[in-house]
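Note that this is a predicted model, so its numbers are computed, not measured. Along the sequence shown, the residues carry numbers beginning at 1.
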Amino acid sequence: MRRALAVLILALAVPAVALAGSDREILSVRYDAPTTRYAHGVLGDAVEWGALVLKVDTCPACALLKAKTIRITLPDTRVFEDLEPRLVDLDNDGRPEVVVVESDVRLGAALAVYDESGKIAQTPHIGRTNRWLAPLGAADLDGDGKVELAYIDRPHLAKTLRIWRFDGGKLVHLADKPGLTNHKIGEDFISGGIRDCGTGPEIVTASGDWARVMVTTYRGGKVASRDAGPFKGSKSLSDAVACK
């Protein structure tokens, strides 16, 4: 059984029922429709997800909750290759969007953003089947008021940190840093994440050889990593994320 995430948290559009403009708020989200149609198993089993289920408040300003359930179903050529969807306010409007890992059976994984209307933004797919990415989280990494998202591209192969900004409803690529990772094949969890220990957001990962805990910042358009001590199991990264 896959464990839930322990981290801080444009292609074919998938049809969904649209609500009126900003008159909505996503209250909760979950994956559904388990499927074995994508035989990768990077997270420890052969089961991925074929649908996203959102509970949406259709009138946040109303005195009483007006909730609606919206189901977004992927085509058979795609799955959510992920542990759980993440609710993150990416556009700073006080209401969250949904961040997921979505894999194409031919083109591999991409990081995608959904709202109640369907997919609104996506990074390019990695480009080959059975190629995956492991999210680290989202935060305003450089203090400019806009939210960045970070993940490790192919944590078992390329081991490259990639940073994107959600800007104007699009994901804009900012920077890369090789030699970092946050997942081992078969683990049912993703290690590391984004923390703020009082000096601003920092990304916590392992070094590419799993020997060291690494802390990375994005400031002034530059990525810088520093060694934060030896890696002694997954608790090393969870403690670092918790500023211990």
What is the distance from atom NZ of Lys55 to atom CD of Glu116, rounded to the nearest 0.5 Å?
15.5 Å

Are Leu65 and Leu27 packed together at the side-chain level, in the sense that at least one heavy-atom pair is separated by less than 4.5 angstrom?
yes

When hydrophobic residues are tied together by side-chain contacts of less than 4.5 Å, even through go-betweens, does Val172 share a cluster with Val147?
no

To the nearest 0.5 Å, tell me how far Arg226 CZ sits from Glu202 CD.
4.5 Å

Between Ile203 and Leu141, is there a side-chain heavy-atom distance shorter than 4.5 Å?
yes

Rounded to the nearest 0.5 Å, the CZ atom of Arg78 sits from the OG atom of Ser103 at a distance of 10.0 Å

Which heavy-atom pair separates Glu25 from Gly94 by the least distance, and what is that distance?
OE2-O, 4.5 Å

Spacing of Leu161 atom CG and Met214 atom CE [to the nearest 0.5 Å]
11.0 Å

Measuring only between side-chain heavy atoms, which start at C-beta, is Ile26 closer than 4.5 Å to Val56?
yes

If you measure from NE2 on His125 to CG on Leu133, what distance do you get to the nearest 0.5 Å?
10.0 Å

For the pair Asp82 (side chain) and Val101 (backbone), establish whether a donor and an acceptor sit closer than 3.5 Å, ignoring hydrogens and angles.
yes

Report yes or no: does Thr129 contribute a side-chain atom to a donor-acceptor pair with the main-chain N or O of Val105 at less than 3.5 Å?
yes

So, the side chain of Thr123 versus the backbone of Leu111: is there a donor-acceptor pair under 3.5 Å, distance only?
yes

Would you say the side-chain atoms of Thr35 pair up with the backbone N or O of Arg37, donor to acceptor, closer than 3.5 Å?
yes

Contact summary for Glu81 and Trp132, nearest pair of heavy atoms:
O-NE1, 2.9 Å

If I compare all heavy atoms of Tyr218 with all of Ile163, which pair ends up nearest, and what's the gap?
CB-CD1, 3.9 Å

Over all heavy atoms of both residues, which pair between Asp196 and Gly200 is shortest? Give the atoms and the distance, please.
OD1-N, 3.0 Å

One pair to check against side chain to side chain contact (heavy atoms under 4.5 Å, CB included): Arg106 and Thr77. What are the steps and the verdict?
CA-CA 8 Å; Arg106 293 186 305 105; Thr77 56; over 6 Å; no

Are Leu54 and Leu87 joined in one hydrophobic group, where the rule is that I, L, V, M, F, W and Y side chains link up if heavy atoms are under 4.5 Å apart?
yes

Short question: side chain of Lys159, backbone of Gly208 - any donor-acceptor pair under 3.5 Å?
yes

Between Val241 and Gly192, the two heavy atoms sitting closest are CG2-C, 3.6 Å

Non-hydrogen side-chain atoms of Glu102 and Lys119 separated by less than 4.5 Å:
yes

Name the orientation class of the two ring planes belonging to Phe80 and Tyr114 (parallel below 30°, tilted from 30 to 60°, perpendicular beyond 60°).
perpendicular

Would you kindly confirm whether Ile72 and Tyr38 end up in one hydrophobic cluster when ILVMFWY residues are joined by side chain heavy atoms under 4.5 Å apart?
no

Look at the aromatic rings of Trp49 and Tyr31 and report parallel, tilted or perpendicular, splitting at 30° and 60°.
parallel

Please list all pairs passing the salt bridge (Lys or Arg N to Asp or Glu O under 4.0 Å) test where one or both residues lie in residues 175-186, with sequence neighbours left out.
Arg162-Asp176

Heavy-atom side-chain proximity of Tyr151 to Asn182 below 4.5 angstrom:
no

Any side-chain heavy atom of Pro201 sitting closer than 4.5 Å to one from Arg195?
no

Flag yes if more than 12 heavy atoms outside Arg219 fall under 6.0 Å of its CZ atom; otherwise flag no.
yes

Backbone N/O of Gly108 and side chain of Asp104: donor-acceptor pair under 3.5 Å:
no

Residue pair Leu237 / Val213, side-chain heavy-atom distance below 4.5 Å:
yes

Distance check, rounded to the nearest 0.5 Å: Leu90 atom CG versus Asp167 atom CG?
11.5 Å

Quick one: does Arg71's side chain have a donor or acceptor within less than 3.5 Å of a partner on Ala51's backbone?
no

May I ask you to decide if Gly145's main-chain N or O and Asp140's side chain share a donor-acceptor pair within less than 3.5 Å?
yes

Which atom of Thr181 lies closest to which atom of Pro155, heavy atoms considered:
OG1-O, 2.6 Å

Do the side chains of Leu107 and Val79 join up, straight or via other hydrophobic residues, at under 4.5 Å, putting them in one cluster?
no

For the backbone of Asp153 and the side chain of Thr160, can you confirm whether one donor and one acceptor N or O come within less than 3.5 Å of each other?
no

With Leu180, the side-chain contact (heavy atoms from CB on, under 4.5 Å) member among Leu136, Thr216, Val223:
Thr216

Does Glu84 offer a backbone N or O that forms a donor-acceptor pair with the side chain of Arg86 under 3.5 Å?
yes

